[in-house]
Number of protein chains: 2
Amino acid sequence: MSSEELRVKSAGTMFDVVDAIKELDEPTVTNIAEHIGVPKSTAHDHLTTLTDLDLAVADADGYRIGARFLEYGGYARENMPVFRVARPVVKRLATETGEHANLGMEEHGLAVFLYKSKGEDAVTIDTHSGMRVPVHTTAMGKAILAHHSREYVEAIVGEHGLPRINENTITDRETLYEEFERIRERGYATDDGERVDGMRCVAAPIFDENDDVLAAVSVSGPASRMHDDRLKNDLPQRVKSAANVIEVNLKYS
Amino acid sequence: MSSEELRVKSAGTMFDVVDAIKELDEPTVTNIAEHIGVPKSTAHDHLTTLTDLDLAVADADGYRIGARFLEYGGYARENMPVFRVARPVVKRLATETGEHANLGMEEHGLAVFLYKSKGEDAVTIDTHSGMRVPVHTTAMGKAILAHHSREYVEAIVGEHGLPRINENTITDRETLYEEFERIRERGYATDDGERVDGMRCVAAPIFDENDDVLAAVSVSGPASRMHDDRLKNDLPQRVKSAANVIEVNLKYS
DNA sequence: TCTGGCGTTGGGTAATACCGAATGATTAAT
DNA sequence: ATTAATCATTCGGTATTACCCAACGCCAGA
């Protein structure tokens with residue numbers, strides 16, 4: 001997990017513990033110790049430390065992640081200019097389309113959901129704000145990567161690869177680069193069930209004043225409602241327009 | 001800052017660094033080192049580690065908190081049963097009142113905003129989800145504390161005190177306990193500009209099946225609109241009803 | 001070219017993260 | 001009531017490392 005050589009090594013095990021809490025769902029000390037392969041006492045050391053720092057909480061059934069992470073997360077988000085500006089626009093996009101509208105960015109080679117707004121008809125969906133997914137499996141991620149240099153993309157692919165999530169995932173480098181070209185031509189990206197079966201998304205990139213891509217907005221919904229015409233005409237127009245509004249507002253903020 | 005004796009001491013300095021990033025707004029290595037009183041090299045060690053772990057990002061102007069915190073925060077929130085159930089109810093409360101509606105809980109002696117929904121007329125407000133504030137300065141915090149044992153409250157006050165935020169803050173133990181009694185009688189708590197001048201809030205506690213208090217819902221708005229009648233009749237009723245709906249839904253989930 | 005401020009690197013050492021083993025605490029089973 | 005089993009917790013030794021100092025390299029601006 002934390003195989004890389006970290007300068008402060010204990011931080012690696014500490015976040016192995018945090019990840020274990022996340023993955024195991026209300027685990028006990030012993031559970032965690034076994035999961036990450038350390039003695040109980042070590043896990044205990046880290047868990048008490050995390051608890052003292054308000055980063056974990058010992059509940060009746062086991063440990064859970066502390067609300068202090070919410071504070072840091074909220075702060076991280078609130079301090080991104082693009083988030084402040086984009087939030088109302090994304091919200092409106094959700095209202096207008098009735099589907100889920102999202103704001104996302106790329107960080108450390110992963111696509112991060114910064115904000116999600118739920119439209120009237122939106123189906124339940126597995127994403128939540130803060131969630132991180134492989135870039136190549138989302139319309140947002142592809143919209144962003146398409147506007148980065150080839151070296152930039154290669155570095156990410158080199159580190160994370162192109163893992164297959166389901167049968168529609170693009171796992172071939174060349175196919176991906178061809179898709180990027182189409183995305184640049186059309187000005188928007190799509191995801192046709194490439195991460196979640198039956199879900200289709202449309203995304204448009206957001207640029208800063210130097211034409212560097214900052215983030216992306218997207219709309220996602222079930223294939224039953226996201227028929228071809230809507231996916232290729234109405235929604236791209238709306239999503240691109242939303243991205244444009246965000247860009248303009250960014251310039252004057 | 002991290003004066004307590006931690007089992008994993010380096011975690012203390014690590015989160016001193018994280019807090020420094022938060023407080024200083026895009027600081028450099030040197031800024032951070034000075035702020036927390038360690039050599040540059042130490043700050044650098046922690047910052048590179050944080051960056052390797054995706055917990056911090058080196059931007060053009062300096063460091064900022066990484067989006068991985070968003071992931072943990074989102075996860076912490078999504079895994080609280082009360083949050084899932086309460087979200088739609090709080091959203092509706094915001095729509096109906098036109099003001100800000102909030103969901104909050106107490107953790108480690110601080111009030112945590114879990115969710116905030118913005119009504120039509122809502123003014124800009126300094127809170128954001130994940131934010132933590134002294135319990136005694138919010139209606140939500142008081143609604144929760146009023147239904148805890150005296151020892152529980154004493155422990156919190158002993159650790160955090162009753163810091164004065166503005167001229168309306170309750171800083172006297174006895175005054176606070178008297179207010180708690182009133183809160184228990186009426187079934188709701190108020191905040192009359194005790195944290196932010198000119199802001200008034202109404203909050204109601206949410207109980208679990210054992211009548212232990214879990215969280216609280218609140219509505220907050222500018223004093224100009226939150227006149228006495230609304231503050232003491234209409235809103236308490238709405239907030240209490242919302243809390244009740246959440247309680248019922250919690251039982252069957 | 002020089003100077004000042006920055007981030008970065010490397011290595012020594014005092015401090016500690018990690019571990020094994022023993023001890024409590026709790027619950028279930030006999 | 002007694003035992004057994006499983007959990008969290010405590011404690012102290014030691015190999016490891018977090019921390020620091022000092023030196024270096026880099027870039028602007030003078």
Side-chain angles (χ1 to χ4, degrees), chain A residues 1-66 108 155 210, chain B residues 1-66 107-108 155 210 212:
Chain A
M1 186 116 330
S2 53
S3 48
E4 359 172 24
E5 269 314 300
L6 298 170
R7 216 57 219 273
V8 180
K9 233 179 165 187
S10 57
T13 41
M14 169 146 289
F15 277 91
D16 284 346
V17 170
V18 175
D19 285 331
I21 300 179
K22 214 187 63 171
E23 282 155 30
L24 295 177
D25 196 69
E26 305 241 336
T28 65
V29 177
T30 317
N31 286 338
I32 294 167
E34 280 170 0
H35 184 79
I36 62 178
V38 297
K40 277 192 300 182
S41 49
T42 302
H44 186 262
D45 285 345
H46 282 278
L47 284 166
T48 50
T49 306
L50 286 166
T51 306
D52 287 342
L53 290 171
D54 298 4
L55 297 166
V57 189
D59 241 5
D61 303 315
Y63 283 90
R64 56 179 183 77
I65 293 188
H108 296 289
N210 306 320
Chain B
M1 187 122 322
S2 53
S3 49
E4 359 171 26
E5 270 312 300
L6 298 169
R7 212 61 219 272
V8 181
K9 235 180 165 185
S10 57
T13 41
M14 169 146 288
F15 278 91
D16 284 346
V17 170
V18 175
D19 285 330
I21 300 179
K22 215 188 62 172
E23 282 155 29
L24 295 177
D25 196 70
E26 304 241 335
T28 65
V29 177
T30 318
N31 286 338
I32 294 167
E34 281 170 359
H35 188 251
I36 62 179
V38 296
K40 278 192 300 183
S41 49
T42 302
H44 186 261
D45 285 346
H46 282 278
L47 284 166
T48 50
T49 306
L50 286 166
T51 306
D52 287 343
L53 291 171
D54 298 4
L55 297 166
V57 189
D59 242 6
D61 302 316
Y63 282 91
R64 57 180 183 77
I65 294 189
E107 194 173 290
H108 297 289
N210 306 319
D212 288 325

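Just so we're on the same page: letters track the sequence lines, and every chain starts at 1.
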Just the rounded figure in Å: distance from C1' of dC19(D) to CZ of R7(A).
10 Å

Looking only at heavy atoms, the pair that brings I21(B) and P27(B) closest together is CA-CG, 3.9 Å

Which atom pair, heavy atoms only, marks the closest approach of A20(B) to H35(B)?
CB-ND1, 3.7 Å

Gap between atoms CD and P, on E34(B) and dG5(C) respectively (whole Å):
11 Å

Ignoring backbone atoms, test whether H44(B) places a side-chain nitrogen or oxygen under 4.0 Å from the OP1 or OP2 oxygen of dG7(C).
no

Distance below 4.0 Å between H46(B) side-chain N/O and dC19(D) OP1 or OP2:
yes

Nearest-0.5 Å distance, CE of residue M14(B) to CG of residue D19(B):
12.0 Å

Would you state whether a donor and an acceptor, one from the side chain of K9(B) and one from the base of dA18(D), lie under 3.5 Å apart?
no

Across the strands shown, which category fits S10(A) at heavy-atom distances under 4.0 angstrom: base, sugar-phosphate, nothing?
sugar-phosphate

Grab the two heavy atoms, one from I36(B) and one from D16(B), that are nearest each other, plus how far apart they are.
CG2-O, 3.7 Å

Separation of dC18(C) P from D16(A) CG (nearest whole Å):
10 Å

Provide, to the nearest angstrom, the distance between the NZ atom belonging to K40(A) and the C1' atom belonging to dA17(C).
19 Å

Hey, which sits more toward the 5' end of DNA chain D by its nearest nucleotide, T42(B) or P27(A)?
P27(A)

Tell me: CE of M14(B) to C1' of dA17(C), nearest whole Å?
14 Å

Output the rounded distance in Å from CG (L47(A)) to C1' (dC18(C)).
14 Å

If you take atom types as modelled and just measure distance, does the side chain of S41(A) reach the base of dG20(C) with a donor-acceptor pair under 3.5 Å?
yes

Which value, rounded to the nearest 0.5 Å, describes the distance between D52(A) atom CG and F15(B) atom CZ?
13.0 Å

If the cut-off is 4.0 Å, is T28(A) near the phosphate of dA8(D), judged by side-chain N/O to OP1 or OP2?
yes

Nearest of dC19(D), dA8(D), dT8(C) to any side-chain atom of Y63(B)?
dT8(C)

To the nearest Å, give me how far apart CG (D45(A)) and P (dA18(D)) are.
14 Å

